[in-house]
Amino acid sequence: MSLSSAQAVRHAVLTATNSASRALQTRHFSWSLPRGKQRVVVLGSGWGGYNVLRGIDKKRWDVTVLSPNTYFNFTPLLASTAVGTLEFRCAVEPVRRYAPQVTYYQAWCDNIDFAKKELKCMPATRPVNAEPTMDADLHPLHERQNSFTLKYDKLIIAVGAYSQTFNVPGVKEHAHFLKDVKDARRIRSRILECFEQANQPFVSDIERRNLLNFCIVGGGPTGVEFSSELYDLLHSDIFKHYPNLARLTKITLYDVAPNILGSFDKSLRKYTEKTLSREGISILTSHHVDRVENGKMIVREQGEVPFGLLVWSTGLAPNPLVKELSRVQKDPKTSSLITNDHLNIIMEDGKPNTDVWAIGDAAKIEDAPLPATAQVANQKAKYLVRKINKLAKDQESPEPFKFENFGSLAYIGNWKAIYDRPTNGAEEGFMQKETGRIAWLLWRSAYFTMTLSIRNKILVPTYWFLNWIFGRDLTRF
Ligand SMILES: Cc1cc2nc3c(=O)[nH]c(=O)nc-3n(C[C@H](O)[C@H](O)[C@H](O)COP(=O)(O)OP(=O)(O)OC[C@H]3O[C@@H](n4cnc5c(N)ncnc54)[C@H](O)[C@@H]3O)c2cc1C
């Protein structure tokens with residue numbers, strides 16, 4: 001899980017522009033609502049926000065969604081799109097599918113006034129008079145003058161988290177993150193560019209080796225899955241078309257911890273390490289990246305390591321909006337919003353705010369931490385939909401949120417995966433730990449089943465099949 005370039009740019013300028021933007025003209029949105037309908041504002045269109053949007057009773061609530069992305073990212077398939085196993089559109093769903101029943105603004109929420117029930121928002125689009133050729137994501141925020149405020153009756157905070165860089169210098173500037181479909185597109189383009197650059201006749205063998213050194217930092221599920229998908233791309237397609245470059249190509253997975261996949265059972269970790277190593281992916285655990293520069297990183301145990309592509313995936317950092325919020329309780333370690341088991345945020349006086357809920361990676365239930373996964377965000381969203389739909393009918397829903405662990409899956413390349421479902425003290429039984437092809441079938445069926453729209457339910461297996469028959473598309477545009 002990681003910080004996209006857009007997020008990196010935003011993060012860097014947010015603090016500097018906060019005071020400037022306050023001075024700029026702020027518009028207030030206060031049109032009248034249909035009689036009896038209260039406004040629910042959903043912040044974010046990820047696993048939490050989008051699933052609330054799908055399920056919420058739009059006839060009884062006036063729903064507004066605010067997100068810088070006009071789409072939902074199906075994150076488990078991003079690594080596959082980054083190497084061309086799937087096309088990018090298979091991993092997104094449009095937010096506007098629900099318009100006009102739902103109002104949508106492509107914008108960031110920069111702050112929340114809980115007392116006034118008001119959101120301070122900043123468009124995520126370029127100013128209307130901006131150069132049409134300029135990338136909206138990279139447009140300086142301080143030039144997006146038209147900040148606006150939005151009132152809410154009920155608020156759902158589902159803004160997720162950013163990528164953790166542990167303040168390693170140069171990561172934001174020189175590494176790729178894998179958090180968003182735009183990141184996946186940049187990675188795919190860079191992989192193909194590395195091969196075309198290395199194939200130029202004037203390039204030396206040393207330069208070729210450097211360009212074809214693919215480094216992944218972070219041995220969690222995202223780092224492992226990306227390394228494995230990259231392995232598949234190289235071995236199934238690229239080496240066929242660039243046979244002279246195969247011997248110069250290397251994939252290395254780094255982690256500062258002594259093991260990769262720390263959240264999985266030990267036997268599955270060992271299986272994965274053995275499988276990846278046998279396939280030629282070097283795993284360098286207990287390695288520390290001290291600095292990243294253009295085309296090289298400085299590793300404490302190795303010295304200078306040149307690379308063509310560096311993918312950085314070392315966990316989560318708090319979303320700047322969550323960081324900015326005051327008068328609410330936050331987890332001292334992760335800075336996530338603390339909620340009660342009904343998912344209401346807790347204010348500084350220790351009382352739950354019954355009009356505001358927080359779900360997904362941005363929130364944590366008090367004294368009951370759960371992993372930052374799509375599974376948790378999805379279940380919290382579904383719980384909240386039931387609750388809020390009952391609320392619209394003036395019905396109570398006294399049951400607290402309960403997480404049901406369906407287990408974790410990770411793809412480890414070459415049509416193999418691992419599956420781990422904690423036993424909670426019970427004896428191990430059927431389908432609790434699986435490896436290899438069976439786990440791979442589970443992996444594919446799980447993500448096919450979870451795919452949301454009928455369109456993507458058709459596209460995903462179609463691309464799996466097409467790429468199996470004809471190979472991945474190696475064009476770069
Ligand atoms: C590559 C990858 C693979 C993954 N694979 C799996 C997997 O296989 N299984 C699993 O369970 N989990 C997986 N995860 C984790 C899972 O994606 C996250 O836990 C999940 O996305 C969290 O959902 P969320 O709604 O909290 O945040 P997100 O899905 O990150 O959504 C946050 C939303 O908020 C928006 N936003 C951000 N800031 C603001 C703001 N200031 N104002 C308004 N909107 C804002 C963002 O644009 C985005 O739309 C994966 C993650 C990644 C990156």
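This chain uses plain numbering: 1 for the first residue, then up along the sequence. Just follow the structure's listing: the first ligand is 1, and inside any ligand the first atom is 1.
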Basic-acidic side-chain contact under 4.0 Å: Arg472, Glu87: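 Result for this pair is no, no salt bridge flagged.
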
By number and element, which atoms of ligand 1 are closer than 4.0 Å to a non-hydrogen atom of [X]?
X      : value
Leu66  : 43 (C), 44 (N)
Pro68  : 35 (C), 36 (N), 43 (C), 44 (N), 45 (C), 47 (O)
Gly360 : 26 (O)
Gly160 : 26 (O), 27 (O), 32 (C)
Tyr447 : 7 (C), 8 (O), 9 (N)
Gly44  : 33 (C), 34 (O), 35 (C), 44 (N)
Trp108 : 38 (N), 39 (C), 40 (C), 41 (N), 42 (N)

Results of side chain to side chain contact (heavy atoms under 4.5 Å, CB included) for Asn340 - residues two or more places apart only: His342, Asn344, Ile346, Pro352

For Ser263, all residues meeting side chain to side chain contact (heavy atoms under 4.5 Å, CB included), sequence neighbours excluded: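 So Ser263 forms no side chain to side chain contact (heavy atoms under 4.5 Å, CB included) with any residue.
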
Residues [X] and [Y]: side-chain donor-acceptor under 3.5 angstrom:
X      : Y      : value
Glu118 : Thr149 : no
Glu225 : Trp443 : yes
Asn51  : Asn378 : yes
Tyr411 : Asp232 : yes

Do any nitrogen or oxygen atoms of [X] come within less than 3.5 Å of a nitrogen or oxygen of ligand 1?
X      : answer
Leu78  : no
Leu43  : no
Tyr162 : no

Part of Phe226 with heavy atoms under 4.0 Å of ligand 1, whether side chain, backbone, both or neither: neither

Part of Asp361 with heavy atoms under 4.0 Å of ligand 1, whether side chain, backbone, both or neither: both

Geometric cation-pi criterion Arg188 and Phe88, 6.0 Å radius, 45° cone: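 The answer is yes; both the distance and angle limits are met.
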
For [atom], which candidate among [options] provides the closest heavy atom?
atom                    : options                        : answer
atom 42 (N) of ligand 1 : Cys109, Ala363, Ala124         : Cys109
atom 2 (C) of ligand 1  : Leu321, Val52, Thr75           : Thr75
atom 33 (C) of ligand 1 : Ala362, Ser67, Ala158, Gly49   : Ala158
atom 30 (O) of ligand 1 : Glu324, Lys179, Gln379, Lys380 : Lys179

Aromatic ring pairing Trp47/Phe74, orientation class (parallel under 30°, perpendicular over 60°, tilted between): tilted

Check: Tyr104 ring centre within less than 6.0 Å of Tyr98 ring centre: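 Ring centres of Tyr98 and Tyr104 not closer than 6.0 Å.
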
